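Got a structure here, written out as structure tokens. Questions coming.
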Amino acid sequence: MVTYSSGLTDAPARPESVRRGAGLDVRAIRADFPILDQSVDGKPLVYLDSAASSQKPRQVIDAISNYYKRDHANVHRGVHELARRATEAYEASRERVARWVNATDAHEIVWTRGTSEALNLVAFSIGQARVGHGDEIVLSEMEHHSNLVPWQLLATRSGARLRYVGLTDQGQLDLDHLASLLGPRTRVVALSHVSNALGTINPVREIGTLVRAKTDAAYILDGAQGAPHLPVDVQSLGCDFYAFSGHKMCGPTGIGALWGRRALLDEMPPYQGGGEMIETVYPDHSTWAEVPHKFEAGTPNIAGAVGMAAAVEYLDRVGLAAIHEHEMTLTRLAVTLLSGVEGVRIFGPAKAEERAGVVPFVIEGTSAQDVATMLDAQAIAVRAGHHCAQLVVNRYGVSATTRASFYLYNTIEEIERFAAGVRTARDILLS
Ligand code: PMP
């Protein structure tokens with residue numbers, strides 16, 4: 001955690017790169033997002049809550065709508081034209097998402113409801129296959145509850161032991177501590193790619209090398225905040241599983257994906273039973289369909305998959321490297337401006353390069369909730385609370401933070417309005 005010096009009263013001059021917006025045509029991008037073009041109580045909406053859920057471009061909305069208008073039927077089972085088209089759309093979407101994360105094979109993508117379900121699937125199934133009494137599961141204090149509670153459930157079921165990597169005062173994983181926790185009993189290492197509560201971008205590739213060198217554990221990454229903001233190449237990251245959600249990356253809610261190494265997916269038992277996931281059913285047992293269908297019981301979220309593929313297409317067209325660059329510009333500006341507001345304490349890494357577009361903060365002497373409410377009164381949407389990461393806020397001695405989070409459609413003017421809004425909130429709350 002970093003406590004930035006307070007007391008600057010004048011906003012610093014904007015550097016040239018900030019004025020230009022670092023390469024993205026944000027005006028054109030905003031035209032793709034109809035929801036952003038609205039006022040709240042007469043003031044233009046400033047949406048700074050994308051880490052909770054991003055907004056959707058017209059291209060994604062249209063893809064879902066067109067699918068329902070033209071192609072919908074249930075997948076895989078039918079012989080008629082619409083069933084063929086729906087199956088084709090569903091499986092082509094899987095291939096698109098597989099290409100996006102550079103999977104070697106589309107069969108390595110399992111559709112889920114989102115990151116939470118993907119992580120529950122891995123915890124359950126790898127747990128059955130590989131984790132026993134006395135084994136160790138390495139997590140960190142930075143984890144979202146979705147990458148924590150499933151492992152607690154597994155530990156309770158199996159008698160395995162949870163080990164937590166501590167955090168530095170700068171909001172980073174303590175890598176020496178991590179190295180000291182890895183050993184012959186480590187069966188699982190599960191960490192976030194990017195922290196939703198601090199914004200920290202973790203050095204997951206280097207950690208992968210360390211995990212491989214010291215253990216034969218399964219290495220699992222929670223990519224809920226990584227996939228929307230950073231190019232993901234699962235082959236070079238060196239992980240075994242990567243979980244992500246459609247709704248955080250311009251796609252619809254209710255869809256996400258788990259990428260897993262084929263050999264591990266083959267080894268793991270199913271997570272849920274039902275239609276679609278079986279090969280043959282006998283009275284007393286069943287055999288399983290091939291991966292990934294083994295993990296996809298019941299009628300899937302076909303329109304969601306189509307929407308997620310459209311989101312990937314959209315992000316690819318804009319370019320994740322440019323998006324990340326733009327977010328760093330916004331983050332740098334937000335941190336600089338907030339540091340000028342007396343009493344503001346910002347959490348997470350000091351360097352913008354080490355932080356995704358997430359800026360959590362408190363104003364000393366006020367409640368995080370009150371600050372968010374004051375910002376809402378100015379039509380600025382942020383989030384307050386523990387952000388489903390209670391261990392993180394506890395680590396830094398607070399019970400909640402106010403969190404602003406940025407995405408490709410946010411502008412420099414919005415960041416300036418946000419900082420001015422924080423200053424107003426402070427003045428009113430502490431007057
Ligand atoms: N992990 C992280 C880091 C997250 O930010 C989130 C969403 N807040 C999740 C997991 C869970 O994602 P979902 O709610 O889409 O399942």
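Keep in mind it's a predicted model, so treat the numbers as computed, not measured. Remember, it's 1-based here, ligands and their atoms both numbered in the order they're listed.
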Tell me, which protein residue and heavy-atom name are nearest atom 5 (O) of ligand 1, and how many Å apart are they?
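In this structure, atom 5 (O) of ligand 1 has Gln225 NE2, 2.7 Å as its nearest protein heavy atom.
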Would you say Met268 and Gln128 make side-chain contact, with heavy atoms under 4.5 Å?
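A side-chain contact under 4.5 Å is absent here.
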Should one rank His247, His145, Glu117, Lys248 by closest heavy-atom distance to atom 8 (N) of ligand 1, which comes out on top?
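Nearest heavy atom to atom 8 (N) of ligand 1 lies in Lys248.
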Considering the options Leu258, Val232, Val204, Ile109, which one meets the side-chain contact (heavy atoms from CB on, under 4.5 Å) requirement together with Tyr242?
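For Tyr242, the side-chain contact (heavy atoms from CB on, under 4.5 Å) test succeeds with only one of Leu258, Val232, Val204, Ile109, which is Val232.
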Protein heavy-atom partner closest to atom 16 (O) of ligand 1 - residue, atom, separation in Å
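I find the closest protein heavy atom is Ser116 OG, 2.6 Å.
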Please write down residue, atom name and distance for the protein heavy atom closest to atom 10 (C) of ligand 1.
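Looking only at protein heavy atoms, the one closest to atom 10 (C) of ligand 1 is Asp222 OD2, 3.4 Å.
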Hey, can you tell me if Phe361 and Phe418 have their rings parallel, tilted or perpendicular (30° and 60° cut-offs)?
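It falls in the perpendicular class, over 60°.
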Tell me yes or no: between the side chains of Arg426 and Thr366, is some donor less than 3.5 Å from an acceptor?
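Side chains of Arg426 and Thr366: no pair found under 3.5 Å.
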Ring centroids only, cut at 6.0 angstrom: are His326 and Phe406 within range, meaning strictly under it?
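No: the rings miss the under 6.0 Å criterion.
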Checking contacts here: is it the side chain or the backbone of Arg113 that comes within 4.0 Å of ligand 1, counting heavy atoms only? Could be both or neither.
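No part of Arg113 comes within reach of ligand 1.
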Judging by distance only, is a nitrogen or oxygen of His144 under 3.5 angstrom from one on ligand 1?
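His144 vs ligand 1: N/O contact under 3.5 Å present.
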Under 3.5 Å between some N or O of ligand 1 and some N or O of Ser146?
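Not met; the criterion fails.
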